Amino acid sequence: MTIAFDIAMQRFTPELPLAVGLSGGADSTALLTACARRWPGQLHALHVHHGLQAAADDFEAHCLALCRRLDVPLHVRRVDARHAAGQSPEDAARQARYTALEALLSGIEPPVRSVAIAQHADDQIETILLALSRGAGVAGLAAMPQTWRRAGLEWYRPLLQVSASDVREWLRAEDIAWIEDPSNSDERYTRNRIRRQLLPTLDAVFPQFRDTFARSADNAAQAAELLDELAQMDLACVGSPPDIAQLRSLSRARQANVLRRWLRQSHATTPSSAQLGALLDQVAACTTRGHQIHLKIGRGYIERRGRLLDWYN
């Protein structure tokens, strides 16, 4: 129903001026149109041309035409979003997109104060299912936040509780055209298989699954926040780099939590579950001065150096 879309937009109260990420698809077309009607003259549209498919030029043409009709300035940046060996195409495109958006934002004068992205409830469910398939912890199961801070700006996902079908229903009711991404039907991509095969089944078995999964993601986000606060307190006690004796005074779960935080915060690396488990075993066995530790962790190695653990690459 269009009511869900309208309610979501009524609740959206960003600081102005506002920039909206505009791909040309249904979701961003609806978001930009609704924002332009509500805040005329206070809006910028940001389009990233990924260059990954022939339809990319059609997307840019649609964005240009839409922005002319809405009288919204359009800022376009072209990127090479091809993925490296071992990197997923989705991750490569996402990283290229956010880097490009930040570059576009830096060139807008006067500066915008908020950014809106058009991801919706179905995108959130796909993210949760992907996290489950990878054995993610609570941080991964928290999926996408509705608001966050990046590059000195507030970022929003105002449609995160609106289904994809509700967005398209609103567009049809308003007689607004959009471009369908041809790659959305390509089931080589995991997200597309989830969207086309799993979501219809979930809808048939658990009709309220979007709401219930969203509540689970909110609960996971709260748990992740608490774990992060505990990790910060423990890190202040064990030090950076961590003191082995201080680490051993904590439970194994708290050791894992603080070590993840230290590696992420100080070295921008994340251990696998197997790597972290091996490190915890070594910390538990480290009862003598002569016990050595040398383990592959994330992008580098952890070694024992005296009474401390140290990481290098």
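Computed from a prediction, not measured in an experiment: that's the story for all the values here. Sequence positions, counted from 1, serve as the residue numbers for this chain.
Between Gln275 and Ile297, the shortest heavy-atom distance links the atoms O-CD1, 3.6 Å. Minimum heavy-atom separation, His291 to Ala285: ND1-O, 3.6 Å. In terms of heavy-atom proximity, Asp123 sits nearest to Ala118 at OD2-O, 4.4 Å. The two residues Ala131 and Gly140 have their closest heavy-atom pair at CB-O, 3.5 Å. Summarising the geometry of Ile128 relative to Ala217, their closest heavy-atom pair is CD1-CB, 3.8 Å, with the distance given to 0.1 Å. Taking both residues in full, the closest heavy atoms of Gly306 and Ile244 are given as O-CD1, 4.4 Å, listed atom of the first, atom of the second, then distance.
Within a 6.0 Å radius of CZ in Arg149, more than 12 heavy atoms belonging to other residues, nucleotides or ligands are found. Few gaps surround CD on Glu154; more than 12 heavy atoms of other groups in view lie less than 6.0 Å from it. When the shell of 6.0 Å around CG of Asn313 is examined, it contains more than 12 heavy atoms from other residues, nucleotides or ligands. For Arg307, the CZ atom is loosely surrounded, since the number of other residues' heavy atoms within 6.0 Å does not exceed 12. Within 6.0 Å of atom CD in Glu225, 12 or fewer heavy atoms from other residues, nucleotides or ligands are found, so the atom counts as exposed in its surroundings.
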| task | Walk me through it: do Leu295 and Tyr301 pass the test side chain to side chain contact (heavy atoms under 4.5 Å, CB included)? | result | CA-CA 5 Å; Leu295 291 172; Tyr301 296 86; over 6 Å; no
| said: Val167 vs Leu31, test: side chain to side chain contact (heavy atoms under 4.5 Å, CB included). Steps then yes/no. | reply: CA-CA 9 Å; Val167 173; Leu31 179 60; over 6 Å; no
| task | Could you walk me through whether Arg191 and Thr127 pass the side-chain hydrogen bond (donor to acceptor under 3.5 Å, both in side chains) test, one step at a time? | result | CA-CA 8 Å; Arg191 274 190 179 271; Thr127 302; 2.7 Å; yes
| query | Step by step, would you call Glu180 with Arg168 a salt bridge (Lys or Arg N to Asp or Glu O under 4.0 Å)? | reply | CA-CA 11 Å; Glu180 281 293 351; Arg168 283 159 174 74; 3.6 Å; yes
| query | Does the pair Leu46 and Val76 meet the rule for a side chain to side chain contact (heavy atoms under 4.5 Å, CB included), with working shown? | reply | CA-CA 6 Å; Leu46 312 175; Val76 178; over 6 Å; no
| task | In sequence, state the C-alpha distance, the side-chain angles, and the governing distance for Glu102 and Arg97, and then conclude on salt bridge (Lys or Arg N to Asp or Glu O under 4.0 Å). | result | CA-CA 9 Å; Glu102 290 177 16; Arg97 181 164 58 252; over 6 Å; no
| task | Kindly indicate, with the supporting measurements, whether the criterion side chain to side chain contact (heavy atoms under 4.5 Å, CB included) is fulfilled by Thr147 and Trp155. | result | CA-CA 6 Å; Thr147 63; Trp155 294 61; over 6 Å; no
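Looking only at side-chain heavy atoms (C-beta outward), Cys35 and Met9 come within less than 4.5 Å of each other. The closest side-chain heavy-atom distance from Ser114 to Leu153 is not below 4.5 Å. Contact of the Trp148 side chain with the Arg150 side chain is registered, since non-hydrogen atoms from C-beta on lie closer than 4.5 Å. Side-chain atoms of Ile7 and Val162, non-hydrogen and from C-beta on, never get closer than 4.5 Å to each other. Counting heavy atoms from C-beta on, the side chains of Pro14 and Arg113 never come closer than 4.5 Å.
If you chain together hydrophobic residues whose side chains sit under 4.5 Å apart, Leu74 and Ile176 fall into the same group. By the rule that hydrophobic residues join a cluster once side-chain heavy atoms approach within less than 4.5 Å of another member, Val112 and Ile117 end up as members of one cluster. Hydrophobic clustering, with ILVMFWY side chains joined whenever heavy atoms are under 4.5 angstrom apart, groups Leu66 together with Trp39. No chain of hydrophobic side-chain contacts below 4.5 Å, direct or via other Ile, Leu, Val, Met, Phe, Trp or Tyr residues, connects Leu308 to Ile302. Under the 4.5 Å side-chain contact rule for hydrophobic residues, Leu279 and Val238 share a cluster.
Interatomic distance, Thr33 OG1 to Leu43 CG, rounded to the nearest 0.5 Å: 10.0 Å. Within the model, atoms CD of Gln124 and CE of Met144 stand 4.5 Å from one another, a figure rounded to the nearest 0.5 Å. Between Ile179 atom CD1 and Glu60 atom CD the span is 12.0 Å, to the nearest 0.5 Å. The CD atom of Gln208 sits 9.0 Å away from the CG atom of Asp203 when rounded to the nearest 0.5 Å. In this structure, Cys67 SG and His62 NE2 are separated by 8.5 Å, a value rounded to the nearest 0.5 Å. If you take OG on Ser240 and CG on Leu263, they are separated by 9.5 Å, rounding to the nearest 0.5 Å.
Residues His47 and His75 place their aromatic rings such that the two centres sit no closer than 6.0 Å. You'll find the ring centres of His49 and Phe59 outside the 6.0 Å limit.
Figure legend: cation-pi geometry between Arg299 and Trp311 absent, as NZ or CZ is not positioned both under 6.0 Å from the six-membered ring centre and within 45° of its axis.
With no hydrogens or angles considered, no side-chain donor-acceptor pair links Tyr156 and Gln146 at under 3.5 Å. Inspection of the Gln265 and Arg261 side chains reveals an N or O donor paired with an N or O acceptor under 3.5 Å. Under 3.5 Å, the side chains of Arg254 and Ser251 contain no donor-acceptor pair of N or O atoms. A donor and an acceptor atom, one from each side chain of Asp27 and Trp178, are nowhere located under 3.5 Å apart. Between the side chains of Asp166 and His120, no donor-acceptor pair is found at a separation under 3.5 Å.
In this structure, Arg157 contributes its side chain and Ala116 its backbone to no donor-acceptor pair below 3.5 Å. Side-chain N or O atoms of Ser106 include one that pairs as donor or acceptor with a backbone N or O of Ala103 at under 3.5 Å. For Thr29 (side chain) and Ala26 (main-chain N/O), no donor-acceptor pair under 3.5 Å exists by modelled atom type. Looking only at distances, no side-chain donor or acceptor of Arg304 sits under 3.5 Å from a matching main-chain atom of Asp310. Side-chain atoms of Gln197 do not come within 3.5 Å of backbone N or O of Ile194 as any donor-acceptor pair. With hydrogens and angles disregarded, no donor-acceptor distance shorter than 3.5 Å links the side chain of Gln42 to the backbone of Leu18. Although no hydrogens or angles enter the test, the distance criterion places no donor-acceptor pair under 3.5 Å between the side chain of Gln161 and the main chain of Ala121.
Every residue two or more places apart in sequence or in another chain that forms a ring-ring contact (aromatic ring centres under 6.0 Å, His included) with Trp262 is listed here: His267. Among residues two or more places apart in sequence or in another chain, the salt bridge (Lys or Arg N to Asp or Glu O under 4.0 Å) test is passed with Asp122 by Arg210.
Salt-bridge check for Glu126 with Arg193: failed, with every basic side-chain N at 4.0 Å or more from each acidic carboxylate O.
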